[in-house]
Amino acid sequence: MFEDFKVQSFHHEYHVKFCEYKSELAKNLSEGDFIILDKNIKNIYKDVDEVIKGHKVYLVDPSEEAKSYENIGNIINLIIESGFSKNNRLVAIGGGITQDITSFIASILLRGVGWIFVPTNLATQCDSCIGSKNTVNAGKFKNQLGGFHPPENIIIDYKFCDSLADKEIASGLGEMMHYFLVDGVSNLAELHEDILKAKTDKQTLAKLVNRSLSIKAPMVELDEFDKGPRNVFNFGHSFGHALESATDYEVPHGIAVAYGMDLANLISAHLGLINIELRNSINPLLQSIWEDINIPEFEIDRYFDALSKDKKNIGNEVKVILTRGLGDMFKTTLPMTNEVKTLINNFFKDKLYYEQA
């Protein structure tokens with residue numbers, strides 16, 4: 001389907017493989033390896049029983065509570081009690097929560113052990129599977145602990161996309177879109193066609209996933225620890241994270257990021273960084289991601305509060321990624337003037353994301 005590739009990490013080189021996961025895991029698993037498995041995957045895909053047979057397994061309920069430091073301590077106890085040794089590996093089969101839990105444990109257990117990742121949703125396949133990051137929760141504080149600990153192997157099997165709801169597909173497409181815009185997509189019409197087709201055609205979806213990873217991988221190698229150039233991949237995220245928070249996470253992450261990109265484009269046009277025509281030409285692509293997924297009502301003050309906390313604010317300013325054009329995103333400090341606040345308020349109140357300016 002696609003050529004496998006390697007990512008060079010500070011820790012070690014790791015492999016991304018596009019293949020059938022059962023046969024690949026059969027070649028990789030050894031006695032004593034410990035599997036951390038999303039319980040929903042076990043329920044949906046009965047053939048996973050063939051893979052985990054004979055191995056110690058922990059079933060994860062993919063919730064924020066599962067990602068708590070306290071719960072992770074319990075999982076670590078089970079791994080140690082299983083007789084796990086430095087030469088064994090952890091195996092994660094699931095989405096982002098399973099990934100974070102496994103990567104975090106692998107980074108601290110026995111001063112660091114190897115792990116394998118089988119991502120089972122679109123967001124992990126197209127984005128988070130590479131890049132090394134992990135984050136877990138401490139008490140009521142979300143994503144306050146973490147680090148960088150890449151797997152040894154990533155096994156991408158597109159069969160897992162068969163069970164994804166339309167909203168999950170749309171969320172994954174939203175996550176991919178920020179890579180395409182940051183990379184400087186040359187043909188918006190062709191990309192728009194692919195986005196629409198990918199909702200029902202797995203081959204097109206797989207093509208976009210491969211394209212997304214091929215854009216991210218070189219930047220990860222350049223700036224693995226997210227200290228500089230890789231920051232541009234936060235395009236749409238500050239505005240999107242605030243929307244997630246203000247709506248109590250009723251808006252899925254990738255869809256919130258898509259709204260966030262349109263808002264970033266609108267603000268960039270308002271500040272004279274791009275022509276409004278460019279924002280208007282990108283907007284239909286983004287609309288095709290969030291169509292039929294409405295934003296629930298929320299208090300705009302909650303949005304501004306979340307926005308100020310998402311990127312450490314300095315007084316009445318927030319750090320965001322804006323754009324000077326396709327492929328020209330940059331990190332900047334945005335003064336939260338009354339004018340900017342009014343624009344953001346109107347964006348949501350008047351549904352400007354469905355309008356051409």
task: Please work out which of the three classes, parallel, tilted or perpendicular, describes the rings of Trp115 and Phe117, given edges at 30° and 60°.
output: tilted

query: Under 30°, 30 to 60°, or over 60°: which ring-plane class applies to Tyr179 and Phe233, parallel, tilted or perpendicular?
result: perpendicular

- prompt: Any idea how Tyr303 and Phe298 line up, ring-wise: parallel (<30°), tilted (30 to 60°), or perpendicular (>60°)?
  reply: tilted

- prompt: Should Asp248 and Arg302 count as an ion pair when the cut-off is N to O under 4.0 Å?
  reply: yes

- line: Output for pair (Ile321 CD1, Phe330 CZ), nearest 0.5 Å, gives 8.5 Å

task: Find out whether Ser163 and Tyr45 are in side-chain contact, i.e. whether some heavy atom of one side chain is under 4.5 Å from a heavy atom of the other.
output: yes

- request: Working to the nearest 0.5 Å, report the span between SG of Cys129 and CG of Asn153.
  value: 12.0 Å

- prompt: For the atom pair CG (Asp100) and OG1 (Thr135), what is the distance rounded to the nearest 0.5 Å?
  reply: 4.0 Å

message: Assess the residue pair Arg230 and Val220 against the criterion (side chain to side chain contact (heavy atoms under 4.5 Å, CB included)); give the C-alpha distance rounded to whole Å, side-chain angles, the decisive distance to 0.1 Å, and a yes or no.
response: CA-CA 7 Å; Arg230 188 174 164 185; Val220 167; 4.1 Å; yes

task: Measure from the side-chain N and O atoms of Asn137 to the backbone N and O of Glu64, and report whether any donor-acceptor pair falls under 3.5 Å.
output: yes

query: Less than 4.0 Å between a side-chain N and a carboxylate O, is that true for Asp127 and Lys216?
result: yes

- prompt: Is a side-chain donor-acceptor pair under 3.5 Å present for His12 with Glu152?
  reply: no

message: Tell me whether the rings of Phe160 and Tyr21 are parallel (<30°), tilted (30 to 60°) or perpendicular (>60°).
response: tilted

- prompt: With distance as the sole test, does Glu224 use its side chain to make a donor-acceptor pair with the main-chain N or O of Phe10 at under 3.5 Å?
  reply: yes

task: Go through the structure and list residues passing side-chain contact (heavy atoms from CB on, under 4.5 Å) with Asn87, not counting sequence neighbours.
output: Ser85

field: Gap separating the CD1 atom of Ile52 from the CG atom of Asp47, nearest 0.5 angstrom
entry: 10.5 Å

message: Within this structure, what is the CG-OG1 distance for the pair Asn231 and Thr332, rounded to the nearest 0.5 Å?
response: 12.0 Å

message: Looking only at side-chain N and O atoms, does Glu24 offer a donor or acceptor that is under 3.5 Å from a partner on Asn28?
response: yes

Exam field: side chain Asn280 to backbone Ala357, donor-acceptor pair closer than 3.5 Å: yes

message: Side chains of Asn71 and Ser68: any donor to acceptor distance under 3.5 Å?
response: no

- request: Please determine if Asp162 and Lys202 form a salt bridge, counting it only when a charged side-chain N lies under 4.0 Å from a carboxylate O.
  value: yes

Side chain proximity check, Leu122 to Ser171, heavy atoms < 4.5 angstrom: no

task: Would you name the heavy atoms of Gly325 and Ile274 that are closest together and state the gap between them?
output: N-CG2, 3.4 Å

